[in-house]
There are 4 protein chains.
Amino acid sequence: MPKLGMEPLRRASLIHATIAEIGAAGSLDVTVARIAKRAGMSSALAHHYFGGKDDIFLAAMRQVLRDYRREVLSRLKKAQSPEDRVRAIVEGGFAPSNFRADTVCAWLNFYVLALSSDPARRLHRVYARRLRSNLTHAFRPFVGEQAQKLANRAAELIDGVYLNQGLAAADPDGIRAAESVLGVIWREIEGA
Amino acid sequence: MPKLGMEPLRRASLIHATIAEIGAAGSLDVTVARIAKRAGMSSALAHHYFGGKDDIFLAAMRQVLRDYRREVLSRLKKAQSPEDRVRAIVEGGFAPSNFRADTVCAWLNFYVLALSSDPARRLHRVYARRLRSNLTHAFRPFVGEQAQKLANRAAELIDGVYLNQGLAAADPDGIRAAESVLGVIWREIEGA
Amino acid sequence: MPKLGMEPLRRASLIHATIAEIGAAGSLDVTVARIAKRAGMSSALAHHYFGGKDDIFLAAMRQVLRDYRREVLSRLKKAQSPEDRVRAIVEGGFAPSNFRADTVCAWLNFYVLALSSDPARRLHRVYARRLRSNLTHAFRPFVGEQAQKLANRAAELIDGVYLNQGLAAADPDGIRAAESVLGVIWREIEGA
Amino acid sequence: MPKLGMEPLRRASLIHATIAEIGAAGSLDVTVARIAKRAGMSSALAHHYFGGKDDIFLAAMRQVLRDYRREVLSRLKKAQSPEDRVRAIVEGGFAPSNFRADTVCAWLNFYVLALSSDPARRLHRVYARRLRSNLTHAFRPFVGEQAQKLANRAAELIDGVYLNQGLAAADPDGIRAAESVLGVIWREIEGA
DNA sequence: AATGAATGAGTTTTCATTCAT
DNA sequence: GATGAATGAAAACTCATTCAT
């Protein structure tokens, strides 16, 4: 009896192991062999499923972005006011499922990978554009024309917070991080 | 007597080449051989002067931080008002000498290196602490007790701007970046 | 299923090639690449199986000691008199399987390696202690209390013979060597 | 005023440093740079004086043999009986100036070097032949025709003692070593 | 489908050696 | 005579990737 439907499970395992391994190493200097071992299979199989190391990384990066997106979208769906929408976007980014040490570490590494890898850059662009678009829409009811500029600043601040949380000694604290960012945003809106 | 006093020149050459090479590659996956070639010498000599690849990276990182510091300090020295002091710190960080594509790229890579390398982390800590300390002092005349909290937010924002400029397609624009950050800061001060 | 059970074969091949290569070179200045080539595989595989050059050397050293031990033990098993036991130990050391040019050369090099490498020293200690212990037991029926002192002298003589055979132009002659050593031993026993 | 007669001093310094460095390392894996540094000069100068690393080693080996020879000859000169002559040869080899940890270590390493280096082998041959010749002459009054065979055994034993002292944990004890060897020799003579 | 086996290509690192001054 | 400067060559080691089974 051949095991059916193993492929998606294996792929998920590998992606998860990739993020965990990057988180543990703190860098992308992680071998396929170690990732595969953590995922409980041979490195040959990892290549078989993904084609190569870069593809594994990209798949992991996509997973991180997908998780991020899911958190934001689910919050946006429940939002009932303009304020809610802004909070949805910010708090989604700092949701516990995204904002763990592992994930933040992988996130930052992927960020920097986008400096040297074209596919990674494309992926990052998608995320960046979507975040700004979301923020712009959310800000428009408050600041109209200036929404885009404000969205940009907010996005930069969010990235900065990620960066600093990744480097902080303590475990990331999503709730405080979100509050801090939201505080700045409300003040920016008021001052606009 | 042989050609004397080459060491400091060579070291400077190598550090410069390291930053340039990281900038060109967009990552730390840069060989000592390439760095040495760019600096016009053999890789053996690079090892001779620095001991090893990590030491070359650290020396380059120190150089980037030193350059940064110099810009800030020279501006602080000329500052004549509390406002001037805040501007000195922010604008120093976005001064043309620091805020070039190469340097920003190296900066970001060093940032992420600090996640996996202890000496890099120590170096980063020094920078981070100093920046917050500078900002805190600069904010105190405006917001008193809340200076530290505000300094933290400002530091995060600055890092976020760096990150986004590094990933942007266009060349970094230090003047606009500084203005944008300062804008947020003044509004934060007002809103505090 | 891939070709299975290669590992022990490869390891044995490599160990054999190591001894041969050291014998041919007359020193430990032997590259992993050459050893691997002689064993019919890539140097990468040698590293894969042993971890590193030192580990290859240690494994070869262990093999030499194991071969030595086997010869001695098999002779001791057949021994039927105190005289037989003494002969077993000495002749075992000069058995054709141990006392070939290659092996003697490797042996001497390992001896000297024990001066600078801790694991090699530990291995050598095991051999030295075992040889003395064997000899002491064998001598006790003849000389009682003085067995240990005599064992020490005999061990030194054996090592000296090895050393000189290794440096002699001619191929080692185990039978004459054993006779010579045994001659001294019997006279020492008589004179004790 | 040019420094006159520096060359012989420099050479002696280097030779001394070589033996010390080999003693400290326990092996011939010693860099010319370290030797030169210990001798207080640049490695370039070491090359200038000796031509190359191998020549430095050979010169050091010659020095060790010369020291050995001097000790034996000075004792032989004072010898007043056949017994004295035998003792002179053996005790000369274990004289404090030769039988120090450093020297024994260098000696053993040179011994093994003779397995792979032709000039080293030639040097070793000279020593070996001379030792046997000395011993043969010294033994002739006692055992006549069998002197040569006995000389061979004695030489082997001496080497064996060196080898074991080099590997022993404790500092070499020349007096006991000489006594032990002489004891065997007298018994061999009696039993001949 | 899955893996142990195997390797080529690349990178850091070390050092003896040379050379201009 | 003496040395700092410089390098070529070689070696250990790593790892993504391929392949036969």
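Residue numbering restarts at 1 for every chain, and letters A, B, ... go by the order of the sequence lines. FYI, side chains are in, hydrogens and waters are out, and symmetry mates aren't considered; it's all heavy atoms of this structure. Predicted model, so just to flag it, every value in this text is computed and none were measured.
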Rounded to the nearest angstrom, tell me the gap between atom [atom1] in [X] and atom [atom2] in [N].
| X | N | atom1 | atom2 | answer |
| --- | --- | --- | --- | --- |
| C/E21 | F/dA11 | CD | C1' | 14 Å |
| C/K37 | E/dG8 | NZ | C1' | 15 Å |
| A/F50 | E/dA1 | CZ | C1' | 16 Å |
| B/H48 | F/dG8 | NE2 | P | 16 Å |
| C/R34 | F/dA12 | CZ | P | 12 Å |

> Base, sugar-phosphate, or nothing: which does D/Y49 touch, judged by heavy atoms less than 4.0 Å apart?
Replying inline: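 If one applies the 4.0 Å heavy-atom cut-off, D/Y49 turns out to touch the sugar-phosphate alone, with no base involved.
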
>> Nearest 0.5 angstrom please: C/T18 OG1 to C/M61 CE, how far?
In response: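 The OG1 atom of C/T18 sits 13.5 Å away from the CE atom of C/M61.
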
Closest nucleotide among [options] to the [X] side chain:
| X | options | value |
| --- | --- | --- |
| A/V32 | F/dA16, E/dT7, E/dT13 | F/dA16 |
| A/H47 | E/dG8, F/dT18, E/dT18 | F/dT18 |
| D/K53 | F/dA6, E/dA16, F/dT3 | E/dA16 |

>> side chain to side chain contact (heavy atoms under 4.5 Å, CB included), that's the test. Do D/W107 and D/L65 meet it? Break it down for me.
In response: CA-CA 9 Å; D/W107 185 277; D/L65 295 181; 3.6 Å; yes

> Which residue lies toward the 5' end of DNA chain F, B/G40 or D/L45, if each is placed at its nearest nucleotide?
Replying inline: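 Of the two residues, D/L45 wins.
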
> Closer to the 5' end of DNA chain F via nearest nucleotide, is it A/S43 or B/G5?
Replying inline: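 This one resolves to B/G5.
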
> When you check the phosphate oxygens OP1 and OP2 of F/dA2, does a side-chain N or O of D/R10 lie under 4.0 Å from one of them?
Replying inline: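 Yes, because at least one side-chain N or O of D/R10 sits under 4.0 Å from OP1 or OP2 of F/dA2.
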
> Hey, would you say the B/F110 and B/H124 ring centroids sit under 6.0 Å apart?
Replying inline: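 Not close enough - the centres of the two rings lie 6.0 Å or further apart.
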
> Mapping B/T31 and C/E7 onto DNA chain E by nearest heavy atom, which one lands closer to the 5' end?
Replying inline: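 Its nearest nucleotide lies further toward 5', so the answer is C/E7.
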
